[in-house]
Amino acid sequence: MTALDVDVTRTIGEFDLDVAFSVESGISVLFGPSGAGKSLTLALIAGLLRPDTGKIAINGRIVSDRASNVHVSTQERRIGMVFQDGLLLPHRSVLDNVALAVRQASGRQARRAVAHSWLERVGAEDFADRRPGSLSGGQRQRVALARGLAGDPALVLLDEPLSALDSAVRRELRNLIREVIISSGVPAVLVTHDAEEAEQLGDVVIAYSDGRVTAMRDVERPDDVGPQPESRDGNRSQ
């Protein structure tokens, strides 16, 4: 079973998105220039927008089907999201920001325990009691990553999570993001316009241009074992 199947169209103003692809486990990267439709695709997958036509399925479950008028809410899709600026609640502590995302535990203390374990996994446990406004950009993104994974999601979406950070912090967090997501076993889709970032983070790179998928290929890694799949053409069949 594939982790994510996307086959949708959406028109906003003069921009037309028309994409189709399927991905399995690991990190799939939507790569291309600004304005190519990558973030729009993420919004459709998350349920923040509805497609004009087509379907989206997560782990085989149809969450959006315009023809059948199916539109599952973002919360019911079990999606974790990590945005460029983190979008943490400023009046809550770091620990409470993550605990609010926890679904699989009942009771405040149980949720906070799960949250603390995720903060440890991303190296953010030392500032669990601080407010987001006192954190650096890199620290906030660590917390946002913990929050995105703490709710036992079926899929994690990351929209340019490192683009606002300086180069040294970006390099550090690339390694962290890949390590934590792969070890969690949760499939992820990440948007970037940075070619180096796409190569370092992705298991699959899906190239975008002008609202279309122009190519789709697997990334070979030094620790990969066995034969690698051949590159795949991501264009929609005519």
Side-chain angles (χ1 to χ4, degrees), residues 1-12 15-32 36-83 103 148-149 151-161 177-178 181-182 184-193 198 201-221 224 228-238:
M1 180 185 299
T2 56
L4 176 66
D5 293 289
V6 176
D7 188 351
V8 293
T9 69
R10 174 69 193 237
T11 298
I12 296 181
F15 182 80
D16 294 317
L17 181 77
D18 186 348
V19 295
F21 60 85
S22 297
V23 297
E24 298 180 359
S25 59
I27 300 175
S28 302
V29 174
L30 307 186
F31 168 70
K38 308 182 302 298
S39 294
L40 176 55
T41 301
L42 236 59
L44 293 167
I45 295 170
L48 303 174
L49 295 174
R50 300 184 68 172
D52 293 331
T53 64
K55 299 179 182 180
I56 298 171
I58 299 175
N59 293 329
R61 176 195 180 199
I62 299 293
V63 295
S64 185
D65 183 354
R66 196 65 190 219
S68 302
N69 199 31
V70 172
H71 183 71
V72 177
S73 70
T74 300
Q75 183 175 9
E76 292 177 344
R77 294 185 190 198
R78 288 182 51 219
I79 287 179
M81 291 185 280
V82 182
F83 297 101
R103 300 187 183 97
L149 288 163
D152 189 28
L155 180 70
V156 176
L157 305 178
L158 304 98
D159 193 1
E160 300 273 9
I177 286 173
R178 179 156 180 86
I181 289 178
I182 296 302
S184 74
V186 180
V189 180
L190 182 144
V191 162
T192 184
H193 62 271
L201 284 171
D203 295 292
V204 175
V205 175
I206 304 168
Y208 266 56
S209 180
D210 297 324
R212 303 293 187 272
V213 172
T214 58
M216 184 171 175
R217 63 178 178 82
D218 297 274
V219 178
E220 295 187 14
R221 299 191 171 278
D224 285 341
Q228 297 298 317
E230 296 180 358
S231 295
R232 295 171 286 184
D233 184 355
N235 290 324
R236 180 190 296 273
S237 299
Q238 300 298 319

*Asks:* How close do G211 and V19 get, heavy atom to heavy atom, and via which atoms?
*Replies:* O-CG1, 3.6 Å
*Asks:* Measuring from atom CG of D203 to atom OG of S28, what distance do you get when rounded to the nearest 0.5 angstrom?
*Replies:* 7.0 Å
*Asks:* Around atom CG of D16, are there more than 12 heavy atoms from other residues, nucleotides or ligands closer than 6.0 Å?
*Replies:* yes
*Asks:* Rounded at 0.5 Å granularity, tell me how far CG in N59 sits from CD in E24.
*Replies:* 11.0 Å
*Asks:* Can you see which heavy atom on V191 is nearest to which on S39, and at what distance?
*Replies:* CG1-OG, 4.1 Å
*Asks:* Please examine the side chains of K55 and S68, heavy atoms only from C-beta on, and report whether any two atoms are closer than 4.5 Å.
*Replies:* no
*Asks:* Y208 and L40: side-chain contact (heavy atoms from CB on, under 4.5 Å), yes or no, with the steps?
*Replies:* CA-CA 12 Å; Y208 266 56; L40 176 55; over 6 Å; no
*Asks:* Can I45 and M81 be said to form a side-chain contact (heavy atoms from CB on, under 4.5 Å), step by step?
*Replies:* CA-CA 11 Å; I45 295 170; M81 291 185 280; over 6 Å; no
*Asks:* Picking from D5, V6, I79, what satisfies side chain to side chain contact (heavy atoms under 4.5 Å, CB included) with I58?
*Replies:* I79
*Asks:* Could you grab the distance from atom NE2 of H71 to atom OG of S73, nearest 0.5 Å is fine?
*Replies:* 7.5 Å
*Asks:* Quick one about D18 and T9 (side-chain donor to acceptor, distance below 3.5 Å, no hydrogens or angles considered), yes or no?
*Replies:* no
*Asks:* Give me the atom names and distance for the closest heavy-atom approach of G202 to V29.
*Replies:* CA-CG2, 3.5 Å
*Asks:* Closest heavy-atom contact between L17 and G37?
*Replies:* CD1-O, 3.8 Å
*Asks:* Could you tell me whether the side chain of R178 and the main chain of L201 form a donor-acceptor pair under 3.5 Å?
*Replies:* yes
*Asks:* Specify the closest pair of heavy atoms between A57 and I62, including all atoms of both residues, with the distance to one decimal.
*Replies:* CB-CD1, 3.9 Å
*Asks:* OG1 of T53 to CG of D7: how many Å apart, nearest 0.5 Å?
*Replies:* 7.5 Å
*Asks:* Are the charged groups of D152 and R78 less than 4.0 angstrom apart, N to O?
*Replies:* yes
*Asks:* If we ignore hydrogens and angles and just use 3.5 Å, is the side chain of D65 paired with the main-chain N or O of V70 as donor and acceptor?
*Replies:* no
*Asks:* Under the criterion side chain to side chain contact (heavy atoms under 4.5 Å, CB included), which of V156, L155, L157 is the partner of P153?
*Replies:* V156
*Asks:* Could you measure the distance from the CG atom of L42 to the CG atom of L158? Nearest 0.5 Å is fine.
*Replies:* 8.0 Å
*Asks:* Dump the intermediate steps for side-chain contact (heavy atoms from CB on, under 4.5 Å) on F21 and T41, then the final yes or no.
*Replies:* CA-CA 11 Å; F21 60 85; T41 301; 4.2 Å; yes
*Asks:* Would you give the length of the straight line joining atom CZ of R217 to atom CD1 of I206, rounded to the nearest 0.5 angstrom?
*Replies:* 11.5 Å
*Asks:* Where is the tightest heavy-atom contact between V82 and G148, given as atom of each residue plus distance?
*Replies:* CG2-CA, 4.5 Å
*Asks:* Report the C-alpha distance between R50 and L44 in whole Å, list the side-chain angles of each, state the deciding distance to 0.1 Å, and finish with yes or no for side-chain contact (heavy atoms from CB on, under 4.5 Å).
*Replies:* CA-CA 6 Å; R50 300 184 68 172; L44 293 167; 5.6 Å; no
